[in-house]
Amino acid sequence: VQLQASGGGLVQPGGSLRLSCEASGFTLDLKYYAIGWFRKAPGKEREGVSCMSSSVTGDRTYYGDSVKGRFTISRDNAKNTLYLQMDSLKPEDTAIYYCAAESVGRSWLPLWQELKYDYWGQGTLVTVSS
């Protein structure tokens with residue numbers, strides 16, 4: 001099982017980037033299992049950025065307060081790829097971004113909880129600076 005994250009880079013404040021996470025040996029569209037993006041900024045703990053899962057009542061989506069209205073999570077099941085569209089980027093968005101996937105249902109854990117996830121990508125660096 002491998003999650004390959006890409007799309008990071010250097011961007012000016014106010015700019016946009018789209019991160020991709022391609023999964024191999026694992027299907028991202030498993031019902032009820034979560035997938036998502038986390039990030040770790042210098043000097044800070046890793047935090048949930050945006051995550052999603054499906055349920056009997058429909059899809060659930062989580063966005064961290066600091067990225068609501070600016071970031072959009074999506075996936076392409078045909079390509080087995082997860083995306084994170086990041087707009088209106090700020091210097092405080094600078095971090096290593098990781099994609100993650102759940103393979104054992106832990107419905108009692110919230111989407112943003114790291115312990116919920118079993119597979120992690122290697123991370124891609126996003127730097128927002130002028």
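Given the structure is predicted, the values throughout are model-derived calculations rather than measurements.
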Exercise. What's the verdict on side-chain contact (heavy atoms from CB on, under 4.5 Å) for Met52 and Arg60, showing C-alpha distance, side-chain angles and the deciding distance?
Worked result: CA-CA 5 Å; Met52 62 189 300; Arg60 294 188 299 146; over 6 Å; no
Exercise. Any sub-3.5 Å donor-acceptor pair from Tyr117's side-chain atoms to Gly36's backbone N or O?
Worked result: no
Exercise. Can Glu114 and Arg46 be counted as an ion pair, charged N to O under 4.0 angstrom?
Worked result: yes
For this session: Could you tell me whether Lys90 and Asp93 have a side-chain N and a carboxylate O separated by less than 4.0 Å?
Result: no
For this session: With rounding to the nearest 0.5 Å, note down the distance linking CG in Leu17 to CG in Asp87.
Result: 9.5 Å
For this session: Could you tell me whether the side chain of Thr72 reaches within less than 4.5 Å of the side chain of Tyr63, counting heavy atoms only?
Result: yes
Exercise. Is there a side-chain contact between Glu22 and Leu3 (heavy atoms, below 4.5 Å)?
Worked result: no
For this session: Please tell me if the side chains of Ser16 and Met86 come closer than 4.5 Å, counting only heavy atoms from C-beta onward.
Result: no
Exercise. Just checking, is any N or O donor in the side chain of Ser88 or Arg70 under 3.5 Å from an acceptor N or O on the other one?
Worked result: no
Exercise. Is there side-chain contact between Val49 and Leu84, with heavy atoms separated by less than 4.5 Å?
Worked result: yes
Exercise. For the atom pair OG (Ser20) and CZ (Arg75), what is the distance rounded to the nearest 0.5 Å?
Worked result: 15.0 Å
Exercise. Below 4.0 angstrom, N of the basic side chain to O of the carboxylate: do Glu45 and Lys40 qualify?
Worked result: no
For this session: Report yes if some heavy atom in the side chain of Gln12 is under 4.5 Å from a heavy atom in the side chain of Val128; otherwise report no.
Result: no
Exercise. Do the ring centers of Phe38 and Trp112 come within less than 6.0 Å of each other?
Worked result: no
Exercise. So if you build clusters from Ile, Leu, Val, Met, Phe, Trp, Tyr with side-chain heavy-atom gaps below 4.5 Å, do Leu19 and Ile73 land together?
Worked result: yes
Seminar exercise, completed: In short, Ser53 meets Leu111 closest at the heavy-atom pair OG-CD2, 3.7 Å
Exercise. Would you say Ile96 and Thr124 make side-chain contact, with heavy atoms under 4.5 Å?
Worked result: no
Exercise. With a 4.5 Å heavy-atom cut-off, do Leu89 and Pro13 have their side chains touching?
Worked result: no
Problem set entry | Minimal non-hydrogen separation, Tyr83 against Trp37, with atom names | O-NE1, 3.2 Å
For this session: Answer with yes or no whether the side chains of Thr81 and Asp76 bring together a donor and an acceptor at under 3.5 Å.
Result: no
For this session: Report the C-alpha separation of Tyr33 and Val104 in whole Å, then their side-chain angles, then the decisive distance to 0.1 Å, and conclude whether the side-chain contact (heavy atoms from CB on, under 4.5 Å) test is met.
Result: CA-CA 7 Å; Tyr33 293 164; Val104 177; over 6 Å; no
Problem set entry | Distance-minimising heavy-atom pair for Lys116 and Pro110 | CD-O, 3.4 Å
Exercise. Does NZ or CZ of Arg39 lie under 6.0 Å from the centre of the six-membered ring of Tyr98, at an angle within 45° of the ring axis?
Worked result: no
Exercise. Side chains of Arg106 and Asp118: closer than 4.5 Å at any heavy-atom pair?
Worked result: yes
For this session: Indicate, with yes or no, if the rings of Phe26 and Tyr119 have centres closer together than 6.0 Å.
Result: yes
Seminar exercise, completed: Nearest heavy-atom contact between Leu82 and Ile35 is CD1-CD1, 3.6 Å
